[in-house]
Each structure stands twice: as C-alpha cells, then as structure tokens.
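Keep in mind that what you see is a predicted model, and the values were worked out from it rather than measured. Each chain gets a letter, A, B and so on, in the order the sequences are listed, and its residues count up from 1.
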Amino acid sequence: MIDFELTPNDQKILDAVREEALVCRKYARHYDEHEEEFPPERLPEADSYPGAAKAWAGRGDDDTSFPILSMLYTAAQTWGDYSVRMRRDTGGLGNAALRAAGTPEQQEKWGNRTLAMAITEPGCGSDPSRVAMTAVLDGDEWVLNGEKIFVTTGCRADGVVVWATIDKSAGRAGIKSFLVEKGTPGFTVSHKEKKLGIRADDTAAYVFKDCRIPRGNLLGMDETIPKQSSGGFRKVMKTFNMTRPGVAAIGLGIAQAALDFTRDKLRDAGIEVEYGPGLHRQPAAVQTFQELEALYEASLLTVLRAAWLSGEGQPNNLEASICKAKAGEAVRLITQGCIEICGPLGVSRDELLEKWFRDVRITDIYEGTGQIQRLIIARTILDYTREQLR
Amino acid sequence: MISFAPSEEQEIVRSAMREFAESAIRSVARECDEASSLPDDFLNTAWELGLTTTQIPSEYGGEGEARSPITNVLILEELAFGDAALAAAAVCPSLFANAIVDQGSEEQKRAYLPLFTTPTYHVGSLAIVEPDPAFDAFFPRCTAEPKGEGFVVSGRKSFVPLADRASHFLVLARVGNGAGNGPDAFIVPRDAKGLQIGETEKNLGLRALPTATVDFERVELGPEARLGGEAGCDVRRIINGSRTALAAAMVGLSRAVMEYAIPYAQDRVAFGEAIAQKQAIAFMLADMRIETDCMRWLVWRAASQLERGADATAAAHQARAYAARRAMKIADDGVQVLGGHGYIREHPVELWYRNARMLGVLEGMFTC
C-alpha cells in the first residue's frame with residue numbers, strides 16, 4: 001500500500017540518531033576550522049548515548065524496509081554534521097564495491113577493514129574510461145603505477161579499492177578494481193586535500209609506484225577482457241545504485257538542518273511559516289521558504305523511491321540517478337536560499353548555516369555530477385547507447 | 001511503513017484508466033478543445049467507468065467502495081494524461097458527491113447521493129474560485145450570513161466547472177465577517193432564488209470544460225444546506241483534496257508532454273543526428289522525467305495523508321505549488337523541443353502549454 005508514514009519503531013530509531021546528531025553538531029565548527037585534525041573515533045559523550053543500535057534490533061516486518069530507513073538514518077546523521085559522529089562508522093565506498101563484486105574469499109579477508117575507493121585521477125573524473133593508472137601482471141603479482149586524487153577517507157582507511165587499466169587499448173573493458181593494503185611498498189598517501197567544505201572529512205591523494213600486490217587482489221578475480229560489453233566495469237558501476245541515493249540523503253540531511261535553522265530564525269523574527277493562506281497573504285520570505293521546503297520534500301521522496309525499489313529487489317539504476325540529480329541541485333538551491341532569507345546572519349561564521357552551504361556543495365559533484373546523472377537518465381528514457389548520446 | 005507500492009486493485013484501475021485515456025480521451029481531445037464543446041456521448045461513456053458511483057456507500061445506491069484519495073490520484077494522473085479538460089469533466093460530479101460522502105450529514109447523504117447513482121451522467125459542482133486577483137480559497141469573500149435558523153449567501157464565484165448543467169453547487173463562503181472566520185460549505189440547488197448562472201467563460205485552456213460565473217444575490221438557505229449539518233464541516237479537507245487532485249492532473253499532463261516529446265526528438269534530425277542525441281535537448285527530456293517523478297511522489301504523499309484523515313494542508317500546498325511550476329516548465333520545454341511544430345495546432349503540445357498555465361492557478365477543478 002502506498003504510504004509515507006513512519007512506524008513507531010522507525011521513529012524511535014530516527015529520534016535516537018537525531019539526538020546524537022545534535023551532540024555532534026557541537027563539534028562541527030571546531031573540525032571545520034581545524035582541517036588538519038581528525039574528529040575522534042568516539043566522542044566523549046558516547047557513553048551517555050546508547051545510539052540507535054538497540055532500536056534497530058527491535059525492527060519487525062511491519063517496519064519500513066532497510067534501504068529506505070538507512071537513507072533516513074543517513075540524513076538524520078548529517079542533519080547533525082557531515083563528518084563528526086558519536087562513533088565513527090567503519091566502511092567506506094570501497095566496502096560497498098567489495099560487497100557488490102568481491103569473491104567470498106575476498107569478502108572474508110577484507111570485509112572488516114575500512115576501504116576507500118580511488119577512481120579519480122588528475123586527468124580523469126566523470127569519465128572513468130580515461131583511467132591512466134596501469135596494472136600489469138608480473139608472475140603472481142600485479143604491478144600498479146599511477147596517481148589517484150579525491151580519495152574519500154583516504155588517509156584513515158586501512159586499504160583501498162583502486163581502479164586501473166590492464167589494457168589501455170580495451171577502453172572501459174580494460175578497467176579493473178584492485179584491493180591494496182596500506183603499507184604496501186610503492187603505495188603512498190601523498191597529501192590531504194584542502195576543501196571548500198566537508199573539511200573534517202579526509203580526502204587524500206595517492207601515488208602508486210611499482211606497487212606490487214598479490215594476483216588474488218583483483219576484485220572479483222575476473223582477469224578476462226570482454227570484447228563488447230564491459231561486464232566487470234558494469235558490476236563496479238552498480239555500486240552506485242545505492243551509494244547515489246546515499247549521497248543524495250547526505251546532502252538532504254544538511255539541507256534540512258539549514259531549513260530548520262531558517263524556520264527558527266523567522267519565528268524569532270515573528271514570522272510563522274504557515275501553509276494554506278494564498279500568495280497574497282504571505283511575506284516573500286515565507287514564500288521563498290515554502291518553495292525551498294517543497295524542493296526538499298520532493299528530493300527526499302525521489303531518494304526514498306530509489307531505496308524502495310532496491311528493497312523490492314527491482315532495478316533502480318534510473319531512479320538512483322534521478323534522486324542524485326534532483327537532490328544535488330536542490331540542496332544547493334536550499335542552502336543558498338536559506339542564506340538569502342537569513343541575510344547577514346547566514347554568512348556569519350558564528351552560525352553553522354554558512355558551513356552547511358559550503359559542505360552541501362559537494363553533493364552535485366561527487367558520485368557523478370548532475371550532468372552525468374542527466375546523461376544516464378536521458379540514455380535510459382531514450383533507450384540510447386553511450387555512442388548515441390555522448 | 002513507507003512504501004511506493006499501489007495495491008493490486010489500484011494497479012488494475014490504473015491500467016484501465018490508462019487504456020480509457022488513450023482510446024476514449026485522446027481521440028476526441030483536440031476536437032473538443034477546438035469546438036469548446038463537451039459531447040454528452042463522452043460524458044456518458046466516462047460515467048460508465050463509475051468514477052463517482054464506485055465510492056458512494058451502497059446504502060445510498062452506490063457501489064460501496066471506501067473512498068480512497070490514493071486511488072483517485074492514480075486515476076486522475078491517467079485521465080489527465082489523456083486530456084485535462086475532459087478528465088475534469090469526467091470527475092466533476094465527484095467534486096460535489098465526494099464532499100457529501102466525506103462530510104455530509106446523514107440527511108444530506110440520503111438526499112443527494114442517490115442523484116449520482118443514475119445510469120447516465122449527473123453532475124453537481126463545486127464553487128471555490130472568485131473573480132479577484134487576490135483570491136484565496138481559505139479566505140473567500142462570499143459570505144453566508146446567519147439568518148434565523150438558516151443562512152443568506154451573497155457573492156460571486158467564477159470558474160465553476162459545468163455550471164451550465166450542474167443540479168447543485170457546493171459553495172465555499174465565510175460565515176460572518178470576522179477576519180478569523182474560516183469558510184464553510186453550503187449546498188445550493190441550481191434553481192435557488194437569487195442564484196444566477198452567467199455565460200460560459202472563454203478561457204485560455206481547458207476549453208472543452210465549460211466554466212461559468214455564478215452570482216449569489218442574497219440566496220436564502222435553510223440550516224440543512226450547511227455541509228455537515230449543524231456541526232459544519234472541515235473546509236480544509238475539501239480544499240486540500242482539490243489541490244492534491246489538481247496536482248495529480250498536472251502529473252498526467254507533464255507525462256503526456258514528456259511521452260510526446262521523446263519520440264519526436266528521436267525522429268527529428270538536425271545536423272546529421274536526431275535532436276535527442278544532443279545534450280541540450282536530451283537534458284530537457286531528462287529534467288522532464290526527474291520533475292514528473294518529483295511531482296508524482298508529492299501527490300502520493302499528500303493523498304496518503306488525506307486517506308489517513310490527517311491534516312494535509314502543508315503536503316497539499318506543496319504538491320500543488322510544486323506541480324504548478326514544474327508542469328508549466330515541462331509544457332514550456334515541450335513546445336521548445338518541437339520548435340515551430342510545437343506552436344502549430346497540429347500537435348498537442350500547444351494545447352498542453354495553455355492547459356498547464358490554467359491548471360496552475362485554479363482551485364476546485366478536481367477532487368480526490
């Protein structure tokens with residue numbers, strides 16, 4: 001049945017996350033202004049907040065499906081802060097790739113380590129088929145050579161899933177993913193990036209120079225290069241079907257923080273955001289706010305839709321791109337608009353709104369820009385190949 | 001529990017409506033728009049779908065299915081995919097009947113619901129809009145002064161759908177003059193003394209749908225005319241249902257534009273390739289898909305709140321305001337994708353462009 005109501009169990013979980021998120025928010029400014037520091041693994045308050053783990057255990061069949069609730073869970077976390085957590089999560093984007101494409105042996109061996117994912121290079125971003133990093137088989141070892149940038153959690157991760165080509169002439173089909181442990185000779189973290197926002201999140205650059213790894217570290221163990229389709233590549237790209245809604249949810253959590261802040265400030269100024277009365281009875285600030293809020297609601301629903309499909313075991317490639325494109329744009333407009341409503345208050349570093357405005361800007365860039373998402377959407381609805389719509 | 005799954009029954013209704021929209025609505029939509037006419041044949045064929053009677057309780061002669069705003073928005077999207085004006089005409093009887101089912105007193109249900117269980121089309125209408133640029137559904141200027149036990153209704157309503165043939169009107173009017181007084185709803189028969197129905201209005205869009213101005217010159221009503229009887233009613237439910245339904249119609253219209261623009265852009269060749277192969281066009285089409293999805297989920301959310309009996313004021317407002325803007329943009333882009341052909345009445349996009357502008361500012365044309 002079509003329904004958008006949270007069950008009491010769902011609500012309990014999200015309330016618990018929100019409660020922790022508010023504590024995290026107290027640390028947000030510090031780690032924004034001290035980019036060189038990492039937020040702690042556990043906040044000092046951790047013992048007084050048991051977290052949502054217990055509540056998760058109480059979920060039943062009548063509660064909202066796991067993929068949907070995890071989107072709301074993520075948004076509730078980033079409503080507190082983008083990076084600071086009561087307890088650090090383990091697992092990075094590399095872990096998602098491992099789950100999607102790894103062999104049982106690889107899952108066993110690498111499953112409980114935090115894995116970053118290294119795709120982007122100085123010369124390639126949205127078009128991963130341009131990957132220049134190479135992997136050459138030498139006896140029972142792969143030899144990796146190349147550079148990677150914008151590696152999320154790259155400094156703190158225990159290892160990385162890195163994309164490299166085993167045959168440049170094969171284009172996308174030649175690209176494979178490799179598991180590399182930190183400390184492997186020839187693999188160095190060259191520096192930590194300095195960013196507009198999400199400063200407490202570490203973003204690393206890697207250099208691989210004659211870095212030798214065991215042959216068994218090829219993710220999925222498929223050494224063949226398919227002639228036509230690029231099956232292995234596609235499998236890794238599938239990772240994005242839940243991570244795209246995930247990053248959309250991350251952005252929307254921040255956007256909601258901005259909306260809540262703005263609503264409170266309007267209320268302090270004696271302006272109540274009311275629905276019902278028409279255009280001619282509302283101050284412009286309220287109208288702007290209402291538009292931003294509708295944008296938020298619409299975007300969140302596209303995220304939930306993509307997650308719902310995933311929970312139903314249905315393909316959600318298109319919907320993952322739809323929600324990423326929609327939320328990526330919406331969260332920019334929402335935070336920009338909230339600053340417009342709040343005026344000078346919005347740009348003061350005494351408040352977090354200006355930080356949210358900077359943090360959220362990444363949403364429309366990483367995991368595929370809004371333009372890349374639109375390409376995917378257009379190809380899907382037009383039933384076009386990559387060659388037909390470039 | 002959050003779910004996007006229509007019930008099996010809803011899926012069946014949905015595909016039946018889709019088929020009806022494609023066969024019975026699309027085929028006559030242009031002709032009806034050109035002639036500004038609404039054929040009885042169409043109304044009677046649409047009546048056979050049971051859009052109104054299905055959700056009238058069986059003790060009043062209906063088919064006794066529970067009224068479901070969710071089912072109704074699913075239906076509306078499909079009908080409006082065919083044509084918004086004909087969809088509005090087909091569901092117009094529900095504007096009146098649904099409000100009675102939902103909030104009428106026992107006497108009102110007995111008196112009015114059987115009217116809608118006849119074998120041929122019977123229509124009652126809803127009068128919300130007023131000819132005033134600052135019109136606000138929540139604060140109408142029409143008044144219903146208490147007099148004795150009853151009321152005296154005064155004021156002017158416009159864009160009243162099917163005013164030319166409605167047997168009754170449900171009129172939103174303010175009881176008393178206080179600023180804090182919200183509106184109430186009153187049942188007024190067509191032949192009430194002091195009620196005057198104007199000429200059929202000439203409108204930008206939805207031309208097949210006859211609308212008219214209705215004047216109320218001190219129309220005297222008994223206490224039984226107030227919807228819900230002595231207790232009155234929650235007018236917000238009527239307005240919120242209407243807004244959600246209007247948004248559902250805009251989803252249908254937007255999908256119509258998108259599904260027309262896509263094959264056109266794939267066929268039309270310029271500079272050696274289909275224009276759909278150019279990002280400037282392809283991205284417009286992608287945005288149509290993104291926004292149609294957004295609109296639909298906002299509508300579903302508002303409808304699910306209505307179905308729970310919750311106050312859907314914010315959700316309905318968001319659904320309508322959002323849909324109004326996006327449907328306009330989609331229709332606008334639809335014309336642009338077709339270029340000169342989009343401007344020619346041989347293609348339906350110019351009609352959708354006009355209809356989108358009109359739907360975006362109306363109230364009370366649809367219900368769910």
Per-residue tally against chain B (heavy atom, under 4.5 Å) across A:Thr380, A:Leu6, A:Asp10, A:Leu304 peaks at A:Leu304
B:Asn240, part contacting chain A, at a heavy-atom distance under 4.5 Å
neither
What's the shortest heavy-atom distance between A:Asp63 and B:Met1, and which atoms?
O-SD, 3.5 Å
Minimum heavy-atom separation for A:Trp308 to B:Ser3, with atom names?
NE1-OG, 3.7 Å
Checking heavy atoms, do the side chain of B:Pro263, its backbone, both or neither come under 4.5 Å from chain A?
neither
Looking at chain B, which one of A:Leu309, A:Ile68, A:Ile376 has the largest number of heavy-atom pairs inside 4.5 Å, strictly under?
A:Ile68
Which of the residues A:Met1, A:Glu274, A:Gln388, A:Arg374 is involved in the greatest number of heavy-atom pairs with chain B at under 4.5 angstrom?
A:Arg374
Could you check B:Ile290 against A:Gln373 for side chain to side chain contact (heavy atoms under 4.5 Å, CB included), going step by step and ending with a plain yes or no?
CA-CA 10 Å; B:Ile290 295 170; A:Gln373 308 305 335; over 6 Å; no
Using a cut-off of under 4.5 Å on heavy-atom pairs, state which of B:Met258, B:Arg296, B:Gln266, B:Gln305 scores highest against chain A.
B:Gln266
Distance, nearest 0.5 Å, that separates CD1 of B:Ile2 from CG of A:Leu69:
7.5 Å
Which one wins on heavy-atom pair count under 4.5 Å against chain A: B:Ala303, B:Ala314, B:Ala310, B:Ala274?
B:Ala314
Minimal heavy-atom distance between B:Asp136 and A:Gly278, with the atoms involved, is OD2-N, 2.6 Å
Test side chain to side chain contact (heavy atoms under 4.5 Å, CB included) on B:Gln318 and A:Tyr275 and set out the steps.
CA-CA 9 Å; B:Gln318 285 165 350; A:Tyr275 285 93; 3.2 Å; yes
Heavy-atom cut-off 4.5 Å, strictly under: side chain, backbone, both or neither for B:Arg308 against chain A?
side chain
At a heavy-atom separation under 4.5 Å, does B:Tyr322 approach chain A through its side chain, its backbone, both, or neither?
side chain
How close do A:Leu301 and B:Phe4 get, counting heavy atoms only, and between which atoms?
O-CZ, 3.5 Å
Tell me, side chain or backbone of B:Glu8 under 4.5 Å from chain A's heavy atoms, or both, or neither?
neither
B:Ile70 versus chain A, the contacting section by heavy-atom distance below 4.5 Å:
side chain
Side chain, backbone, both or neither: which part of B:Arg326 has an atom under 4.5 Å from a heavy atom of chain A?
side chain
Heavy-atom count around A:Arg263 CZ within 6.0 Å, excluding the residue itself: above 12?
yes
For A:Glu291 and B:Arg325, run side chain to side chain contact (heavy atoms under 4.5 Å, CB included): C-alpha distance rounded to whole Å, both residues' side-chain angles, the deciding distance at 0.1 Å, then the answer.
CA-CA 10 Å; A:Glu291 275 167 34; B:Arg325 283 178 182 233; 3.0 Å; yes
Do the side chain of A:His280 and the main chain of B:Pro133 share a donor and acceptor less than 3.5 angstrom apart?
yes
Looking only at heavy atoms, the pair that brings A:Leu382 and B:Ala282 closest together is CD1-CB, 4.3 Å
Other residues, nucleotides and ligands only: do more than 12 of their heavy atoms fall within 6.0 Å of NZ on B:Lys329?
no
With a 6.0 Å cut-off (strictly less than), is the heavy-atom count around CD of B:Glu9, excluding the residue itself, greater than 12?
no
Can you name the nearest heavy-atom pair linking B:Ser304 to A:Ile2, along with the distance?
CB-O, 4.2 Å
Counting heavy-atom pairs under 4.5 angstrom with chain B, the leader among A:Glu312, A:Arg379, A:Gln290 is A:Gln290
Go through B:Arg236, B:Gln277, B:Gln10 and name the one with the most non-hydrogen pairs under 4.5 angstrom from chain A.
B:Gln277
Lys/Arg N to Asp/Glu carboxylate O, B:Arg301 vs A:Glu5, below 4.0 Å
no
When only pairs under 4.5 Å are counted, which of B:Ala316, B:Ala315, B:Cys294, B:Ser7 shares the most heavy-atom pairs with chain A?
B:Cys294
Ionic contact status for A:Arg305 with B:Asp293, cut-off 4.0 Å
no
Engaged part of A:Asp62 at the chain B interface, taking heavy atoms whose separation is under 4.5 Å
backbone
Scored by heavy-atom pairs under 4.5 Å with chain B, the best of A:Glu319, A:Arg390, A:Gln371, A:Glu297 is A:Glu297
Passes side chain to side chain contact (heavy atoms under 4.5 Å, CB included), A:Leu375 versus B:Phe283? Steps please.
CA-CA 7 Å; A:Leu375 264 180; B:Phe283 281 19; 4.0 Å; yes
Please say whether more than 12 non-hydrogen atoms of neighbouring residues, nucleotides or ligands are located less than 6.0 Å from CG in A:Asp383.
no
Is the number of heavy atoms from other residues, nucleotides or ligands under 6.0 Å of B:Arg18 CZ greater than 12?
yes
